[in-house]
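The structure appears below as structure tokens.
A, B, ... follow the sequence lines: proteins, then strands. Residue 1 opens every chain.
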Amino acid sequence: MLDINLIRENPEIARAGMEKRGMDPSPVDEAARLDARWREVLQEADALKEERNRVSKEIGKMKDKAEREAKIAAMREVSDKVKSLDEELKQLEEDLNAVMAIIPNIPSDKVPDGFTEEDNIEVRRWGEHPDPSKTYQPHWDLGPELGILDFERGVRLAGSRFYVLTGLGARLQRALIAFMLDLHQKQGYTEMYGPFVVRGEILYGAGQLPKFKDNLYKDHEEDLYFLPTSEVSLTGMHMGEILEEEQLPIKYTAYSPCFRREKMSAGRDVRGIKRGHQFDKVEMYKYCLPEESDAELDKMIADAEETCKLLGIPYRVILKCAGDTSETARISYDLEAWAAGCQEWLEISSISNVGDFQARRAMIRYRPTQGGSPRPLHTLNGSGLGLPRALIAILENNQQPDGSVVIPEVLRPWMGGVEVIKKE
RNA sequence: GGAGGGAUGGCCGAGUGGACGAAGGCGUCUGUCUUGAAAACAGAUGUGGGUUAAAGCUCACCGUGGGUUCGAAUCCCACUCCCUCCGCCA
């Protein structure tokens with residue numbers, strides 16, 4: 001949610017932001033129009049309420065019966081007018097909120113122009129690629145051969161885009177989760193574990209609703225949705241709160257499964273475990289002062305990179321172009337892991353500075369130490385990392401000529417002495 | 001699932017139709033006093049919106065949403081959450 005004052009005073013900035021993303025900027029004008037009308041009606045209603053409040057107090061003290069009755073009759077009329085104006089206001093507010101909810105965040109100046117992946121910029125690379133002269137099996141062949149991945153049973157249980165990790169496959173994923181959570185704690189994040197379902201208002205605050213309604217799983221009778229990412233619950237954690245400046249920055253890490261209907265990517269990435277309806281993720285999240293969010297973003301990118309480095313996953317850092325940046329973000333960097341089997345770069349982490357966009361929407365503010373009224377703070381989120389794609393990178397890149405897979409050193413404490421996953 | 005009790009400001013807590021944005025206490029801040037601190041005393045101390053150059057004026061907010069009324073923290077309805085007891089259950 002943008003600041004309504006921006007729409008009032010500098011609508012051209014919001015318009016330019018939408019245009020940079022390749023969107024039609026007319027919602028900005030619509031918002032400005034609704035807001036102007038809203039203020040007009042509000043002033044009218046407030047004036048009548050002032051009169052009603054004032055006269056009603058007088059009525060309470062009146063002795064003269066006739067005069068009293070006359071005033072009551074007059075105020076009855078005023079009240080009727082107030083009622084109809086309030087209804088109009090409510091409608092205007094709903095309309096305005098609906099429009100404001102679809103206006104995206106303004107991309108930072110650092111975000112390159114462009115609308116597709118082609119326009120993203122590679123910032124840097126790290127790591128040795130597996131020998132390109134050799135062939136590596138994609139994980140959808142390798143996994144079942146090693147007996148650690150079962151697609152048929154996933155489909156039996158829940159349909160397409162579901163799979164089962166079996167034996168050492170499940171254990172490897174658990175090792176990754178434990179490793180990442182421990183690492184993020186060392187990096188200064190507090191581990192959180194919360195509900196995997198949340199109320200609609202929490203999703204709204206995080207900017208998932210109304211836009212991604214069709215991508216969410218929902219309980220059939222309660223107002224509860226399955227998390228599409230724990231970013232949602234980490235945003236909701238302090239919804240409506242006023243934090244003290246001294247508390248900032250707050251840094252959280254959380255593991256959760258993520259549930260996505262993937263309606264918008266029907267038919268894409270259907271092979272393997274790259275894009276399931278359910279996947280696990282370890283998330284990093286920060287609440288910080290506005291003036292510190294750029295520096296905190298750089299640190300978070302470094303934290304995600306460290307995760308890849310320790311796992312020995314070769315990656316590149318991508319700065320996303322305006323059209324490819326998520327609507328809640330001012331700027332997003334992706335870490336893409338090289339997967340030697342399917343021969344592609346896989347988005348393994350996406351790290352964003354959201355600015356005050358979610359904070360404004362979720363009403364998360366801080367009180368400056370200097371005093372003064374509460375201000376919206378900044379939030380950042382990043383995956384650290386997505387589990388299926390980390391698994392893919394490890395399985396495919398660490399393949400040996402005999403088809404076995406070497407387990408990264410850092411994961412072995414959780415693998416019960418297993419160093420290599422071999423065919424039985 | 002059944003029965004009952006409750007939700008008020010940073011916290012505790014009073015308030016059952018008009019002088020209540022809300023007593024009192026705690027906390028916090030400022031001042032007086034003091035070498036300094038404590039104590040005591042005095043004052044201040046919510047959030048959001050509109051308007052305004054500013055001061056100010058004004059509207060809304062007592063869990064949420066509706067309703068009754070000239071007027072609602074207070075009365076009515078629905079919902080949410082919390083607590084206690086009973087039942088059931090991982």
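In this model, the phosphate group of B:G71 is not approached by any side-chain N or O of A:R54 to a distance below 4.0 Å at OP1 or OP2. Close to B:U47, at under 4.0 Å from its OP1 or OP2, lies no side-chain N or O of A:R365. OP1 or OP2 of B:G48 has not a single side-chain nitrogen or oxygen of A:S373 nearer than 4.0 Å. Phosphate contact (OP1/OP2 of B:C70, side-chain N/O of A:R76, threshold under 4.0 Å): present.
Looking at heavy-atom distances under 4.0 Å, A:R68 makes contact with a base. Residue contacts for A:K71: at a heavy-atom cut-off of 4.0 Å it reaches no nucleic acid atom on any strand shown. Using a 4.0 Å heavy-atom criterion, one finds that A:R360 contacts no nucleic acid atom at all.
Sorted by first and then second residue, the side chain to side chain donor-acceptor pair (under 3.5 Å) pairs with a member in residues 195-207 of chain A form an empty list; sequence neighbours excluded.
For A:T369 and A:E245, the side-chain atoms include at least one donor-acceptor pair closer than 3.5 Å.
More than 12 heavy atoms of other residues, nucleotides or ligands shown are found within 6.0 angstrom of CD on A:E246.
A donor-acceptor contact under 3.5 Å links the side chain of A:D46 to the base of B:G49.
With rounding to the nearest 0.5 angstrom, the CD1 atom of A:I148 is 13.5 Å from the CZ atom of A:R171.
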